[in-house]
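I have placed the structure first, in the form of structure tokens, so that the comments after it can refer back to it.
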Amino acid sequence: MNAPTLLVIAHGSRDPRHAATVHALVRRAGALRPGLRVETAFLDFNLPSVPGVLDRLAADGVREVVALPLLLTRAFHAKADIPAVLRQAPAGLRVRQAEVLGPSPLLLAAVERRLYEAGLAPGDKGSTGVVLASAGSSDPEAIAVIAETARELRRTGWCSVRPAFASASLPRTDEAVRALRAEPGVRRVAVAPYVIAPGRLPDRIAAGAAEADVLADVLGPAPELARLLLERYGAAVGAAADRLTAVG
């Protein structure tokens, strides 16, 4: 029996860098699992759309799909937008929604990868404060996950880690940078964008990092994210198999 198709669902953006980064990440994940059909769709701004890809998969004879939200937290898009569009799938196409990417140790590893690529070294951790800068959300669950992610990153040895948000929530990136400057033991400040792809809000994070010593890149097609996509896919497939076994 063929493995379910993996459909990665990204938000989309008018910024062409967004879609290019998403496609690069999905290609990297697909290369890790030869033979697995992997598709990409967008909720808004970019093509192909989610309904368009679902229609095409059904026309191709696909019967099972794992829809993976390319999101770091379970906010409105994961709880409402994506389930709503998946309910429009053609009859006969079984679609399961996988969990969002975060939280995960692989995300922390990707953040550290980007910080090291920006010029830091493991030996700098004890004297470096990090601003973990996310896009922001009005969802309390999502905000709590970002705060816990910052605490987990701090436990890996960084001098201090503070969350910041580009929208909807406070503090902003520049405020977190100034707060870290005032902390004892912090000799340099780095901003780590906790976002997957470039766009308007990541650009806002970069602008807020003007007074920081180091600005890391977005997570993008980091190998850890590619592995995480397949991990979430595997968990969704395994959970479905467990349910079938229980019923049987």
Answer with yes or no whether the hydrophobic clustering places Val95 together with Val66; edges join I, L, V, M, F, W, Y residues whose side-chain heavy atoms lie under 4.5 Å apart. no
Quick one: are Val65 and Pro4 in side-chain contact, heavy atoms under 4.5 Å? no
Write down the atom of Ala209, the atom of Thr173, and the distance for their closest heavy-atom approach. N-CG2, 4.0 Å
Arg181 bridged to Asp213 by N-O distance under 4.0 Å: yes
Contacts satisfying side chain to side chain donor-acceptor pair (under 3.5 Å) that involve residues 131-143 (not counting sequence neighbours) are Lys79-Asp139, Lys79-Glu141
Could you point out which residue of Leu107, Val195, Leu228 forms a side-chain contact (heavy atoms from CB on, under 4.5 Å) with Leu219? Leu107
Taking the side chain as C-beta and beyond, is there a heavy-atom pair between Lys125 and Cys159 under 4.5 Å? no
Expected output: side-chain Arg94 to main-chain Glu64 donor-acceptor under 3.5 Å: no
Among the clusters formed by ILVMFWY side chains lying less than 4.5 Å apart, do Leu229 and Val100 turn up in the same one? no
Does any part of the side chain of Thr21, heavy atoms only, come nearer than 4.5 Å to the side chain of Leu25, both counted from C-beta? no
Can you tell me how the ring of His23 sits relative to the ring of Phe42, calling it parallel under 30°, perpendicular over 60° and tilted otherwise? perpendicular
Can you tell me how far apart CG (Leu115) and OG1 (Thr128) are? Round to the nearest 0.5 Å. 8.5 Å
Glu112 and Thr156 side chains, donor-acceptor separation under 3.5 Å: yes
Using modelled atom types only, decide if a donor and an acceptor are shared between the side chain of Arg232 and the backbone of Leu101 within a distance under 3.5 Å. yes
Shortest non-hydrogen separation from Val111 to Ala192 and the atoms involved: CG1-CB, 3.8 Å
Quick one: which residue pairs count as a salt bridge (Lys or Arg N to Asp or Glu O under 4.0 Å) with a foot in residues 43-55, not counting sequence neighbours? none
Are any non-hydrogen side-chain atoms of Val218 and Ile196 less than 4.5 angstrom apart? no
Return the minimal non-hydrogen interatomic distance between Pro171 and Pro163, and the atom names on each side. CG-O, 3.5 Å
Are the side chain of Arg28 and the backbone of Pro221 linked by a donor-acceptor contact shorter than 3.5 Å? yes
Hey, does Leu201 have a side-chain heavy atom less than 4.5 Å from the side chain of Ile205? no
Which value, rounded to the nearest 0.5 Å, describes the distance between Asn2 atom CG and Arg63 atom CZ? 11.5 Å
Charged N to carboxylate O below 4.0 Å: is that the case for Arg37 and Glu39? yes
For residues 99-111, the side chain to side chain donor-acceptor pair (under 3.5 Å) pairs (sequence neighbours left out) are none
What's the separation between atom CG in Leu106 and atom CD in Glu231, rounded to the nearest 0.5 Å? 5.5 Å
If only side-chain N and O atoms count, and only distance matters, is there a donor-acceptor pair under 3.5 Å linking Ser13 with Arg200? no
Taking a hydrophobic cluster as the set of Ile, Leu, Val, Met, Phe, Trp and Tyr residues connected by side-chain heavy atoms closer than 4.5 Å, whether directly or through intermediates, do Tyr116 and Leu108 fall within one such cluster? yes
Nearest heavy-atom contact between Val186 and Gly129 is CG1-N, 3.7 Å
Contact summary for Ala150 and Leu132, nearest pair of heavy atoms: N-CD2, 3.8 Å
Is there a side-chain contact between Ile82 and Val50, using heavy atoms and a 4.5 Å cut-off? no
CG/Leu71 to CG/Leu43 distance, rounded to the nearest 0.5 angstrom? 7.5 Å
Is there a side-chain contact between Leu7 and Leu68, using heavy atoms and a 4.5 Å cut-off? no
Applying the 4.5 Å side-chain criterion to the ILVMFWY set and letting contacts propagate, would Val38 and Leu57 be lumped into a single cluster? no
Quick one: pull up CD1 in Ile146 and CG in Leu72 and give me the separation to the nearest 0.5 Å. 6.5 Å
I'd like to know if the side chain of Asp60 and the backbone of Val62 have a donor-acceptor N/O pair within less than 3.5 Å. no
Output yes when Arg172 and Glu175 qualify as a salt bridge under the 4.0 Å nitrogen-oxygen rule, no when they do not. no
Does Arg178 CZ have over 12 foreign heavy atoms under 6.0 Å away? yes
Under 3.5 Å, is there a donor-acceptor pair between the side chain of Arg154 and the main chain of Trp158? yes
So Glu152 and Arg155, salt bridge (Lys or Arg N to Asp or Glu O under 4.0 Å) or not? Walk me through it. CA-CA 5 Å; Glu152 288 294 327; Arg155 293 184 189 112; 2.5 Å; yes
Search all heavy atoms of Gly119 against all heavy atoms of Asp124 and return the closest pair with its distance. O-OD2, 4.4 Å
Kindly compute the distance separating OH (Tyr194) from CG (Leu153), expressed to the nearest 0.5 Å. 9.5 Å
Are the side chains of Val237 and Tyr233 in contact, using a 4.5 Å heavy-atom criterion? yes
Just by distance, do the side chain of His18 and the backbone of Ala197 share a donor-acceptor pair under 3.5 Å? no
Between Val177 and Val130, is there a shared hydrophobic cluster once you connect ILVMFWY residues whose side-chain heavy atoms come closer than 4.5 Å? no
Quick one: do Arg151 and Glu148 make a salt bridge, cutoff under 4.0 Å? yes
